[in-house]
Amino acid sequence: MAVYLDDVSRTFGEYLLIPGLTTKKCIPSNVSLQTPLVKHAKNKKPAIALNIPFVSAIMQSVSGPELAIELARNGGLSFIYGSQPVAAQANMVRRVKKFKAGFVVSDSNLTPEDTLADVLRTVKKTGHSTIGVTHDGTCNGQLLGLVTSRDYRTEKDPMDMKVKDFMTPFSKLIVGQSGISLSEANQILWEHKLNSLPIIDKDQNLVYFVFRKDYDSHRDNPDELSDETKQLIVGAGINTHDYRERVPALVEAGVDVLCIDSSDGYSEWQQETLHWIKRTYGDHMPVGAGNVVDSDGFRYLVAAGADFVKVGIGGGSICITREQKGIGRGQATALIDVARARDEHCRRTGAYIPICSDGGLVHDCHMVLALAMGADFLMMGRYFARFDESPTKTLRIGNNYVKEYWGEGSNRAQNWQRYGMGGTESLKFEEGVDSYVPYAGKMKDNLAITLGKMKATMCSCGAATLKELQQHAKITLVSSTSIVEGGAHDVILKEQN
């Protein structure tokens, strides 16, 4: 006979937070949203921690390099989607890692014998207007000069003019020596009013560039998620089929963390994938697994070596797994169950395995509920798909602007590997839909509103950190009539102009 669970499968919309004591110190400016991303010993710092508890979903319509850059600049992390060729995904990872590194390896280089036409082609190809002129045209050749947009005029200068005839020669350059600290390099930039500073070694070979705009960017994004070399942190999604080829390419590209992407993660396929990654890279390459909806699934993936576990099946706005296969669980119930297993595992072993709540977030207030119920961070697709930085087109339908949004289990994603069950039969049905979401503009503006709401809610709960929220939050079930009571009712709303 089947096993029947006594609890009801519940969603975030069926709960409310009870206010706690708000002390004078508990104000939004004092609230920290920092949270661990990967496994760590209890009371020890994790190898990677998020500055805001948000990661973007592993989806074609969400997590491209532009969104990954902007989310990392604001304290979160993207997992570049894996439903594409290995080389294409690795190149996306490289784009994120190269975007801002403090010390940047030049990808725009020419020789003195190249021409203005070569300069324009290089600028168009890389998008960078600062070109290092080296003896052999490589990023580490002997530095002979520098070309910027101020050194030529396309409307007057001939296209065959040699670079050596209009570049700023080395003798007139201000440079830094290899071994200089980033703060020292930035000081030189400011003292000499430079936009870029070449860094050379003792033989005059170009090593790095340091750019003024990177300093300005860091100042405007204090929560930026970067490593010790000031490179942005980025993740990537993988599957359980081509991981032996995909993972090495992603590691070579500089990926910081991996996540196995599947609608149902409680499988031997994920166990084999985790075992292979840990045998090959040890703890140097953290990898998350999922998705699961109960404590059994959590414990299975942790035993296999998962550094974090994703929770949620069928709760995403474009996911129809529950309709098609009849599997899943209400997101709130699933999260509560897995969080209990996570805490029990930590008490027993001393190892803390973060959990990620994936799906079921209809409103911003649900985000705080999910965190209070035990989630360490939240994976979201629909939320991020609305922004300028997502990979999809902005369209006008009627009087509304929208962006395209489709599920990885949809026919459009053509990502059958994600749902493969190990046999030879191809997938005959879909687990996701093709849709639109309302266009919302820039990520940074929307994030500010969402994070402001979250911090205000935490203050009302008397919590200044996510750990305090999980330890002290009081949560209550609500009835259907109290849900109605919580919104505007018994009034005639004014029409918005």
Side-chain angles (χ1 to χ4, degrees), residues 33-55 57-58 76-77 79 225 233 235-238 240 247 255-262 264-279 281-313 329 331-359 370-379 465-471:
L33 295 176
Q34 193 172 75
T35 188
L37 178 73
V38 296
K39 177 173 62 178
H40 60 282
K42 185 178 180 180
N43 298 324
K44 299 289 185 180
K45 288 186 177 181
I48 304 176
L50 303 171
N51 291 326
I52 62 172
F54 293 169
V55 299
I58 310 170
L77 179 137
F79 287 94
L225 192 66
I233 302 294
I238 61 173
T240 59
V247 172
V255 75
D256 297 285
V257 58
L258 301 169
C259 184
I260 305 172
D261 183 33
S262 173
D264 178 11
Y266 191 5
S267 74
E268 290 185 343
W269 308 112
Q270 290 217 5
Q271 181 192 57
E272 289 182 359
T273 304
L274 287 166
H275 283 173
W276 183 87
I277 294 173
K278 292 303 178 182
R279 284 197 309 268
Y281 298 100
D283 292 330
H284 299 294
M285 178 46 58
V287 54
N291 289 17
V292 301
V293 292
D294 67 1
S295 57
D296 291 340
F298 171 83
R299 284 189 286 265
Y300 183 82
L301 293 178
V302 170
D307 292 289
F308 67 85
V309 175
K310 283 207 295 154
V311 180
I313 294 177
R329 199 177 194 183
Q331 188 66 10
T333 303
L335 185 57
I336 292 168
D337 189 8
V338 174
R340 285 172 178 157
R342 185 266 320 276
D343 293 343
E344 189 277 330
H345 177 83
C346 184
R347 287 191 296 269
R348 181 170 50 84
T349 67
Y352 188 89
I353 314 296
I355 57 175
C356 168
S357 180
D358 179 15
L371 294 166
M373 289 175 177
D376 294 284
F377 55 97
L378 315 173
M379 178 171 280
T465 67
L466 295 180
K467 186 175 182 180
E468 289 179 2
L469 178 70
Q470 293 175 355
Q471 290 175 339

Per side chain to side chain donor-acceptor pair (under 3.5 Å), Y352 is matched among R342, K42, H345 by R342

Scanning both residues in full, the closest heavy-atom pair of V293 with D337 reads O-OD2, 4.4 Å

**Q.** Heavy-atom check, side chain of D307 versus side chain of K278, under 4.5 Å
**A.** yes

Mind running side-chain contact (heavy atoms from CB on, under 4.5 Å) on L466 and L33 for me, showing each step along the way? CA-CA 6 Å; L466 295 180; L33 295 176; 4.1 Å; yes

Is any side-chain heavy atom of K310 closer than 4.5 Å to one of I260? no

Shortest non-hydrogen pair, A57 vs M379, comes out as CA-CG, 3.6 Å

Of all heavy-atom pairs linking P46 and V38, the shortest is CB-O, 3.8 Å

Scanning both residues in full, the closest heavy-atom pair of H275 with A304 reads CD2-O, 3.3 Å

CZ of R299 to CG of D294, rounded to nearest 0.5 Å, is 8.0 Å

TODO: Kindly say whether G312 contributes a backbone atom to a donor-acceptor pair with the side chain of N291 at under 3.5 angstrom?
DONE: yes

Exercise. Any donor-acceptor pair under 3.5 Å linking the side chain of Q470 with the backbone of T465?
Worked result: no

**Asked** When the ring planes of F79 and F308 are compared, do they come out parallel, tilted or perpendicular, using 30° and 60° as the limits?
**Response** tilted

When rounded to the nearest 0.5 Å, the distance separating CG of L225 from CD1 of I52 is 9.0 Å

For a side-chain contact (heavy atoms from CB on, under 4.5 Å) check, start with the C-alpha distance between S357 and Q331, then their side-chain angles and the critical distance, and finish with the verdict. CA-CA 8 Å; S357 180; Q331 188 66 10; 3.0 Å; yes

I'd like to know if the side chain of D376 reaches the main chain of I355, judged simply by a donor and an acceptor atom lying under 3.5 Å from each other, with no hydrogens or angles considered.
yes

*asked:* Whether the E272 and T240 side chains hold a donor-acceptor pair (N or O, under 3.5 Å, no angle test) is what I'd like checked.
replied: no

Does any part of the side chain of V247, heavy atoms only, come nearer than 4.5 Å to the side chain of Y281, both counted from C-beta? yes

Result for side chain to side chain contact (heavy atoms under 4.5 Å, CB included) between V55 and one of V257, L50, D358, L378 points to L50

Taking every heavy atom of N51 against every heavy atom of Q34, the minimum-distance pair comes out as OD1-NE2, 3.1 Å

